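Source: prediction; values computed, not measured.
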Amino acid sequence: MIPFSNTWPYDVVSKDVYVQSCPFCGADNVLLPMKPKELTSVREGKKKLLIFPCCHNKVTVVDSDGDYILTDQALR
């Protein structure tokens, strides 16, 4: 079973990936350094190091679906 504490919601707007708020510093509407095609490769099994541009915290994205990214550490 996937731990919900390791997930974070995201949105895709005009080929950009956003989160409503940063799980680390709380900044609003953070543009992630990811593209939608990278989300597809993550779904296929490739891991992605994600560095939040607002506070430079790092997580490894291990899976995703249409609404959430799954990381290797707790975000909630």
Side-chain angles (χ1 to χ4, degrees):
M1 183 166 190
I2 296 172
F4 188 70
S5 62
N6 290 20
T7 63
W8 201 254
Y10 72 91
D11 294 312
V12 177
V13 179
S14 301
K15 298 183 181 179
D16 291 326
V17 180
Y18 287 89
V19 292
Q20 288 183 346
S21 64
C22 176
F24 301 106
C25 70
D28 292 330
N29 298 321
V30 179
L31 172 63
L32 298 180
M34 288 182 84
K35 295 296 177 195
K37 66 181 178 181
E38 291 176 300
L39 290 170
T40 303
S41 67
V42 167
R43 281 185 209 128
E44 295 170 351
K46 187 176 181 182
K47 294 181 182 178
K48 166 82 172 145
L49 177 65
L50 175 61
I51 301 171
F52 285 84
C54 49
C55 59
H56 304 290
N57 281 305
K58 302 173 191 172
V59 295
T60 301
V61 180
V62 295
D63 199 2
S64 68
D65 64 9
D67 298 318
Y68 291 90
I69 56 173
L70 174 66
T71 65
D72 61 343
Q73 65 186 20
L75 299 175
R76 297 177 190 270

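- Between F52 and P23 there is a side-chain heavy-atom pair separated by less than 4.5 Å.
- The nearest pair of heavy atoms linking V19 to L32 is CG1-CD1, 3.7 Å.
- K35 and D16 get closest at one heavy-atom pair: NZ-OD1, 3.1 Å.
- Atoms OG and CD, from S64 and E38 in turn, are 11.0 Å apart once rounded to the nearest 0.5 Å.
- Taking Y68 as the reference, F4, T7, P9, D65, R76 meet the side chain to side chain contact (heavy atoms under 4.5 Å, CB included) condition, with sequence neighbours excluded.
- Note on L75: it clusters hydrophobically with V42, by side-chain heavy-atom contacts below 4.5 Å among ILVMFWY residues.
- For the pair V62 and K48, the minimum side-chain heavy-atom distance is 4.5 Å or more.
- Taking Ile, Leu, Val, Met, Phe, Trp and Tyr as hydrophobic and joining them when side-chain heavy atoms fall under 4.5 Å apart, one finds L49 in a cluster with I51.
- Rounding to the nearest 0.5 Å places CG of D63 at 5.5 Å from CG of L70.
- No side-chain heavy atom of I69 sits less than 4.5 Å from a side-chain heavy atom of V17.
- Proximity of V12 to L39: side-chain heavy atoms (C-beta onward) are separated by under 4.5 Å at one or more points.
- Remark: N29 engages no residue in a side chain to side chain contact (heavy atoms under 4.5 Å, CB included) (not counting sequence neighbours).
- In this structure, S21 and W8 have side chains that are in contact, with non-hydrogen atoms separated by less than 4.5 Å.
- The heavy-atom pair separating N6 from D72 by the smallest distance is ND2-C, 4.0 Å.
- Here NZ of K58 is found 11.5 Å from CG of L50. Values are rounded to the nearest 0.5 Å.
- Heavy-atom contacts from other residues, nucleotides or ligands closer than 6.0 Å to CD of Q20 number 12 or fewer.
- Separating the OG atom in S41 from the NZ atom in K47 is a distance of 13.5 Å, to the nearest 0.5 Å.
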